[in-house]
Amino acid sequence: MAKDVIVACDFPSAEDCFRFLDCFSQEKPFVKIGMELYYAEGPDIVREIKQRGHKIFLDLKLHDIPNTVRKAMRVLSRLDVDIVNLHATGGSNMMKAALDGLTRADGSRPLLIAVTQLTSTDQSLMESELLIKKPLDEVVMAYAQNASASGLDGVVCSPLEASRVHEVCGESFFTVTPGVRFADGDAGDQKRVTTPAKARELGADFIVVGRPITQAEDPVAAYRKCIEEFLG
Ligand code: C5P
């Protein structure tokens, strides 16, 4: 899949989401549906957005025992999404079970990627609350290698980690990077952030951008600015 900007449609209802998507008359942005919208509206929201012609990253970040994740992925495989994800911290057996569940009878499946460490996590949180005493980027690389060895297609990580992930796991193992802000933007709860232009320089394959576009006064202009900075 070609590099792209994925818009995080973190809205509380279908109505809010469609009000936002209706602003786009010329483009069909790649859309990320996360927990908020999916839990509010269920699988119909996925079908409706797909029907409107958008590519979809279904960001439900599964994390459970392998058997539960396999069965949940089997259900999700019926939705015609392009990318789904899980937490790498579930371990390699869980990731392999997920791939198995996701693969349809004809052998096709959505791309499967793993969240390494959330971009809202920093070194101090990891050490004091998760009791992981290693450097954050070492942890991210180890999780990425584990995901790659389990047969996954890529990872979610900070743009700051994208080039190292490619070095460690190969160029075709793709990186999806949230934590993107315009140079003059507010970071909010994100900690490991960078601009779309910098994410491009660092070799990110996809950037996930939410509030800088969805909360902008002119969302279409903000989206276009992202595309221009990221894709050039
Ligand atoms: O609004 P903002 O640009 O911060 O949105 C980022 C999106 O990416 C949110 O939907 C968030 O759930 C998601 N995400 C993230 N960090 C990860 C994985 C997903 O911020 N590691």
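Since the structure is predicted, the reported quantities are computational estimates derived from the model, not experimental observations. Numbering of ligands and ligand atoms starts at 1, following listing order.
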Extract all N/O-N/O pairs under 3.5 Å that connect ligand 1 to the protein, and present each with both atom names and the distance rounded to 0.1 Å.
unit_1: ligand 1; atom_1: 1 (O); unit_2: R211; atom_2: N; d: 2.7
unit_1: ligand 1; atom_1: 1 (O); unit_2: R211; atom_2: NE; d: 2.7
unit_1: ligand 1; atom_1: 3 (O); unit_2: R181; atom_2: NH1; d: 3.0
unit_1: ligand 1; atom_1: 3 (O); unit_2: G210; atom_2: N; d: 2.8
unit_1: ligand 1; atom_1: 4 (O); unit_2: R181; atom_2: NH2; d: 2.7
unit_1: ligand 1; atom_1: 4 (O); unit_2: Q190; atom_2: NE2; d: 3.0
unit_1: ligand 1; atom_1: 4 (O); unit_2: R211; atom_2: NH2; d: 2.8
unit_1: ligand 1; atom_1: 10 (O); unit_2: D10; atom_2: OD1; d: 3.4
unit_1: ligand 1; atom_1: 10 (O); unit_2: D10; atom_2: OD2; d: 2.7
unit_1: ligand 1; atom_1: 10 (O); unit_2: K32; atom_2: NZ; d: 2.7
unit_1: ligand 1; atom_1: 16 (N); unit_2: T119; atom_2: OG1; d: 2.8
unit_1: ligand 1; atom_1: 20 (O); unit_2: T119; atom_2: OG1; d: 3.3
unit_1: ligand 1; atom_1: 20 (O); unit_2: Q190; atom_2: NE2; d: 2.8
unit_1: ligand 1; atom_1: 21 (N); unit_2: T119; atom_2: N; d: 3.3

Decide if atom NZ of K50 counts as having more than 12 heavy atoms of other residues, nucleotides or ligands within a radius under 6.0 Å.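 Check passes, neighbour count above 12.
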Members sharing F57's hydrophobic cluster (side chains within less than 4.5 Å):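 Grouped by the 4.5 Å side-chain rule, M1, I6, F30, I83, L111, I113, V115, L118, V156, F174, V176, F206, V208 form the rest of the cluster around F57.
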Using ring pair (Phe, Tyr, Trp, His ring centres under 6.0 Å) as the criterion, list what pairs up with F11, not counting sequence neighbours.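 Ring pair (Phe, Tyr, Trp, His ring centres under 6.0 Å) check on F11 returns F20.
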Please list, one pair per line, the donor and acceptor atoms closer than 3.5 Å that link side chains of residues 63-72 to other protein atoms, with sequence neighbours excluded.
unit_1: R70; atom_1: NE; unit_2: D100; atom_2: OD2; d: 2.9

Side-chain contact, heavy-atom cut-off 4.5 Å: D4 with I227?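 The answer is yes; the side chains approach within 4.5 Å.
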Heavy-atom closest pair, residues F173 and A147: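 Closest approach of F173 to A147: CZ-CB, 4.2 Å.
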